[in-house]
Chemist: 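First, the structure itself, so that you have it in front of you.
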Amino acid sequence: MLREELIKRGVPMPDASTKEDWIALRPQIKETILREVYGEFPHKPDAIEYKDVTQWGLEEVFMAGDADKYQIRVEITYDGRKGSFPFNLAIPKAGRPVPALVAINFESGSPYKYQPTEEIIDNGFAIAGLCYNDVTKDNDDFSDNIAGLIYNGEPRTATSPGKIAIWSWAASLVMDYLMTRPEIDHKNIAVIGHSRLGKTSLVTGAFDERFAFVIANDSGCGGAAISRGKGGESIEKIIDRFPYWFCLNYQKYVGKEDAMPIDQNWLLSLVAPRKLMIASASEDLWADPNSEYLGAFAASEIFKLYGLSFAGPDRFPVPGDSFYDGDVTYHQRIGKHYLSRKDWNHYLPYIRTHLNK
Ligand code: GCU
């Protein structure tokens, strides 16, 4: 049924019938996605320093003493100019390297409603949370903080990065730091985000192969959802309110999804052979659960080339469905657009039971 749906919507599938075909295509696909949708990532900074700026006093107890909590400031020198952003980090005192999450957040504090730090620690994970607005504000001001550093007053070109690409780039700088911490199991680091930051999480994890798990919660348009034939938010609607999330080239596709050389399943496919977790909320029709599921379903064709699997059926999901028995997972929480404890209770046990050796 969904195969027919993909054909009906005219969703292009990558021309790959073996893993080798796909590997050969990947560089070109990455280039196309950045050029047409998100914009090109900034080049590597000249220098990066990570400063421990933890402010709480030594007497302060965090999580009954079961975890260490830090505030780290990322100081970037980029083309001779400097900028910075902070992130929070909590590491359980486990006495051995633990899996970790990079959470791309709406707020700077820890814990906050979408980052239940204590429960995450209790599950045996470390967590690093960065707030997207601390990197560069969620608006069309490309002179703000890290965007200003990158743009240096130059106008945007058709392919220069939108804000999603800049937030993703920042999440990869947090990943660089985690790679230096011996308390963290570097083979088992996930990236997670909700909604606009679910889109950002997908871009981060698709391009930064150090992330072993890529989680997109209610990511919708420009995220996991197939754009062609999508209900709720369309490219036209997202460009109307949030043009600056994407590169200028993306605007060519307003009302012209069919002209895109790719669809969102191509982005999702870049996560193979790592683990991809997609989730929807049943009442989140703006994001369109069916189109999110279709994205996962279509991407799983590429995972299959690696001998990997998706347990979801060849039909649209119904509220409450969850499919975990594979390398691509999907669940549809009953309720509203949100990153809830129920969602975390899907993600954390899955990661724990699928750790890389
Ligand atoms: C808006 C936007 C969505 C986005 C959401 C969010 O609804 O249209 O694309 O996912 O905000 O980030 O909460």
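Counting convention: from 1, in listed order, for ligands and their atoms alike. Heads up: numbering here begins at 1 and tracks the sequence.
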Chemist: Looking at ligand 1, would K237 count as a contact under a 4.0 Å heavy-atom criterion?
Modeler: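 The answer is no, since K237 has no heavy atom less than 4.0 Å from ligand 1.
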Chemist: Suppose we measure from atom 3 (C) of ligand 1 to each protein heavy atom; which comes out shortest, and what is that distance?
Modeler: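 Here the closest protein heavy atom is E233 OE1, 3.2 Å.
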Chemist: If only side-chain N and O atoms count, and only distance matters, is there a donor-acceptor pair under 3.5 Å linking R352 with N123?
Modeler: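 Side chains of N123 and R352: pair found under 3.5 Å.
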Chemist: Select one of side chain, backbone, both or neither to describe which atoms of Y132 lie under 4.0 Å from any atom of ligand 1, heavy atoms only.
Modeler: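 Neither; nothing of Y132 gets under 4.0 Å from ligand 1.
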Chemist: Can you list the atoms of ligand 1 that are under 4.0 Å from a heavy atom of R241?
Modeler: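 Going through ligand 1 atom by atom, the ones under 4.0 Å from R241 are 8 (O).
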Chemist: Quick one: nearest non-hydrogen protein atom to atom 5 (C) of ligand 1, plus distance?
Modeler: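 Going by distance alone, atom 5 (C) of ligand 1 is nearest to S195 OG, 3.0 Å.
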Chemist: Looking at F242, which atoms of ligand 1 are within less than 4.0 Å of one of its heavy atoms?
Modeler: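 Near F242, meaning under 4.0 Å from one of its heavy atoms, ligand 1 has 1 (C), 2 (C), 8 (O).
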Chemist: Within the 3.5 Å criterion, strictly below it, is a donor on S280 or Y330 matched to an acceptor on the partner's side chain?
Modeler: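 Yes - a donor-acceptor pair under 3.5 Å links their side chains.
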Chemist: Assess the side chains of H354 and D327: does a donor N or O sit below 3.5 Å from an acceptor N or O?
Modeler: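 No, D327 and H354 have no side-chain donor paired with an acceptor closer than 3.5 Å.
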Chemist: Under 4.0 Å from a heavy atom of I238: which atoms of ligand 1 are those, numbered in the order shown and with their elements?
Modeler: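 Taking each heavy atom of I238 in turn, ligand 1 has 9 (O) under 4.0 Å.
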Chemist: According to a 4.5 Å side-chain heavy-atom criterion applied to Ile, Leu, Val, Met, Phe, Trp and Tyr, with indirect links allowed, do V53 and V174 form part of one hydrophobic cluster?
Modeler: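 Not linked; separate clusters.
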Chemist: Between R196 and ligand 1, which part of the residue brings a heavy atom under 4.0 Å of the ligand: side chain, backbone, both or neither?
Modeler: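 Both backbone and side chain.
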Chemist: I'd like to know if the side chain of D138 pairs up with that of Y132 as donor and acceptor (distance under 3.5 Å, no hydrogens or angles considered).
Modeler: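 Yes, side-chain donor-acceptor contact under 3.5 Å.
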Chemist: Taking the side chain as every heavy atom from C-beta outward, state whether E5 and I7 have any pair of such atoms under 4.5 Å apart.
Modeler: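 No; the side chains remain at least 4.5 Å from each other.
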Chemist: Judged by non-hydrogen atoms, does H194 sit under 4.0 Å from ligand 1?
Modeler: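 No, H194 has no heavy atoms under 4.0 Å from ligand 1.
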Chemist: For P161 versus R156, what's the shortest heavy-atom pair and its separation?
Modeler: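 Heavy-atom minimum between the residues: O-NH2, 3.6 Å.
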Chemist: For atom 7 (O) of ligand 1, what is the nearest protein heavy atom, given as residue, atom name and distance?
Modeler: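 Looking only at protein heavy atoms, the one closest to atom 7 (O) of ligand 1 is W286 NE1, 3.1 Å.
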Chemist: Can you tell me if Y70 and R181 form a side-chain donor-acceptor pair at under 3.5 Å?
Modeler: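 Yes - a donor-acceptor pair under 3.5 Å links their side chains.
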Chemist: Hey, which atoms in ligand 1 end up nearer than 4.0 Å to a heavy atom of K199?
Modeler: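 Result: 3 (C), 4 (C), 9 (O), 10 (O).
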